[in-house]
K.L.:
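Questions regarding the structure given below will be posed in turn.
We count ligands from 1, going down the list as the structure has it; atoms in each ligand are counted the same way.
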Amino acid sequence: MTEKFRETAEFLKQQISIRPEVGIILGSGLGGLGTKIENSVAISYSDIPNFPVSTVEGHSGKLIFGQLGGKNVVAMQGRFHYYEGYPMAQVTFPVRVMKLLGVTSLMVSNAAGGLNPNFKQGDLMLISDHINFFPESPLRGKNLTEFGVRFPDMSKVYDHTYLKMAKEIADSLNIPVQEGVYIGSSGPALETPAEYRLFRIFGADATGMSTVPEVIVAHQQGMRVFGMSVITNVTTPADGEETTHEEVQDVAGIAEPKMTAIIKALIAKL
Ligand code: HPA
């Protein structure tokens, strides 16, 4: 596997002169941030050796290199989800490659269902912590010691300084934000009402099908992590209301400029 990471990183270094220090993962319906990247060079996943190819509608599947907030960045427009059938090593493959490209900070976004009764559709939630409810860990298997330790401490995964800075930025931009715990599980079925209640009892504020695997890998290899969820649906909807993928993407798209403004300002301050 390590050989593959290196091969992919070497390929990208040959193709692109930009050396990113910030990595960005854009969630469902949140790809708009990609258009704010200046002097951008994009490469389709299908043109990158060893890269999995994204299969979900609304995930266009490319790496975008360029500048955002005055820093060199690489953004994933489209991520790989466990529910698509990829092994965890593939879901997190780009995060390993980012490390080899020199990325030291990772900004992760996602669309999520709001479990906290105070949350409304369209809210932004800064992620303060997560619960791994996927059936496996992306670190399962032989440890890749060149990336990090076998048993990484997980007590401070979401960088406290970034969280504080993001709150101050949101305040100064007059963008209201929530803060809370994200629980990640495999999907692709959304949760039953009983499962939403269970996740709430677990202590989670929002639920989704991504982010946790990438963040575990990023943290293990020493990256500083910032995460944000767009609450695309509430999980205690009025009677008879159902959640569709279109709705999730539409709401994410509406909230996206606010998320982008915060992430851009945060990157500028790093
Ligand atoms: N559950 C899981 N994933 C999601 C949801 C949800 O309610 N909304 C957006 N992604």
Side-chain angles (χ1 to χ4, degrees), residues 24-33 54-61 76-86 88 91-92 107-136 138 158 177-216 226-260 263:
I24 306 169
I25 303 179
L26 301 172
S28 295
L30 297 169
L33 181 146
S54 181
T55 64
V56 196
E57 250 180 274
H59 293 253
S60 48
M76 287 179 70
Q77 202 172 69
R79 58 146 61 88
F80 307 108
H81 296 89
Y82 189 72
Y83 64 74
E84 293 175 81
Y86 301 113
M88 280 294 186
V91 172
T92 58
M107 312 275 137
V108 194
S109 63
N110 59 59
L115 301 164
N116 184 318
N118 298 323
F119 290 4
K120 296 182 309 298
Q121 192 179 45
D123 277 358
L124 296 177
M125 183 188 88
L126 310 183
I127 303 177
S128 58
D129 203 352
H130 76 218
I131 297 171
N132 182 15
F133 205 66
F134 284 86
E136 61 175 299
Y158 296 85
V177 286
Q178 309 278 9
E179 185 180 329
V181 174
Y182 176 90
I183 184 166
S185 66
S186 81
L190 300 187
E191 292 79 1
T192 62
E195 289 164 346
Y196 282 134
R197 283 195 300 275
L198 176 71
F199 285 178
R200 183 66 190 144
I201 292 166
F202 277 171
D205 297 286
T207 170
M209 305 171 194
S210 68
T211 302
V212 170
E214 295 111 309
V215 167
I216 291 174
F226 173 74
M228 199 180 324
S229 295
V230 174
I231 305 302
T232 54
N233 52 290
V234 292
T235 59
T236 46
D239 273 354
E241 268 184 41
E242 295 189 357
T243 303
T244 64
H245 186 58
E246 290 67 39
E247 177 189 8
V248 166
Q249 286 191 291
D250 288 350
V251 176
I254 293 165
E256 179 274 322
K258 291 188 288 178
M259 181 200 81
T260 296
I263 291 183

K.L.:
Give a yes or no on whether the backbone of Ala111 and the side-chain of Ser229 come within a donor-acceptor separation of less than 3.5 Å.
P.N.:
no
K.L.:
What protein heavy atom lies closest to atom 10 (N) of ligand 1? Include the residue and the distance to one decimal.
P.N.:
Ala111 O, 3.4 Å
K.L.:
Give me the nearest non-hydrogen protein atom to atom 4 (C) of ligand 1 as residue plus atom name, then the distance to 0.1 Å.
P.N.:
Thr207 O, 3.6 Å
K.L.:
Taking all atoms of both residues into account, what is the closest heavy-atom pair of Ala206 and Ile231, and its distance?
P.N.:
CB-CD1, 3.8 Å
K.L.:
Could you find the nearest protein heavy atom to atom 5 (C) of ligand 1 and give me its residue, atom name and distance?
P.N.:
Gly113 N, 3.4 Å
K.L.:
Among protein heavy atoms, which sits nearest to atom 3 (N) of ligand 1, and what does the distance come to when rounded to 0.1 Å?
P.N.:
Gly208 CA, 3.4 Å
K.L.:
Can you tell me which residue and heavy atom of the protein come closest to atom 9 (C) of ligand 1, and the distance to 0.1 Å?
P.N.:
Thr232 OG1, 3.4 Å
K.L.:
So which heavy atom on Ser109 is nearest to which on Thr211, and how close?
P.N.:
O-OG1, 4.2 Å
K.L.:
With heavy atoms of Asn233 as the reference, note each atom of ligand 1 found under 4.0 Å away.
P.N.:
5 (C), 6 (C), 7 (O), 8 (N), 9 (C)
K.L.:
Test of understanding: given a 4.0 Å heavy-atom threshold, classify the contact between Ser185 and ligand 1 as side chain, backbone, both, or neither.
P.N.:
neither
K.L.:
Can you tell me if Asn110 and Ser210 form a side-chain donor-acceptor pair at under 3.5 Å?
P.N.:
no
K.L.:
Of all the atoms in ligand 1, which lie at a distance below 4.0 Å from a heavy atom belonging to Met209?
P.N.:
2 (C), 3 (N)
K.L.:
Atoms of ligand 1 less than 4.0 Å from Glu191 heavy atoms?
P.N.:
1 (N), 2 (C), 6 (C), 7 (O)
K.L.:
At less than 4.0 angstrom from any non-hydrogen atom of Tyr196, what atoms of ligand 1 do you find?
P.N.:
1 (N), 6 (C), 7 (O)
K.L.:
Ignoring hydrogens, what is the shortest heavy-atom contact between Gln121 and Thr232? Give both atom names and the distance.
P.N.:
NE2-O, 3.1 Å
K.L.:
Taking ring-ring contact (aromatic ring centres under 6.0 Å, His included) as the criterion, tell me which of Phe202, Tyr158, Tyr182 meets it with His130.
P.N.:
Tyr158
K.L.:
Looking at ligand 1, is there an atom of it that comes within less than 4.0 Å of some heavy atom belonging to Thr243?
P.N.:
no
K.L.:
Any luck finding a side-chain donor-acceptor pair between Glu191 and Thr207 under 3.5 Å?
P.N.:
yes
K.L.:
If every non-hydrogen atom of Val230 is compared with every non-hydrogen atom of Ala252, which pair is closest and at what distance?
P.N.:
CG1-CA, 4.0 Å
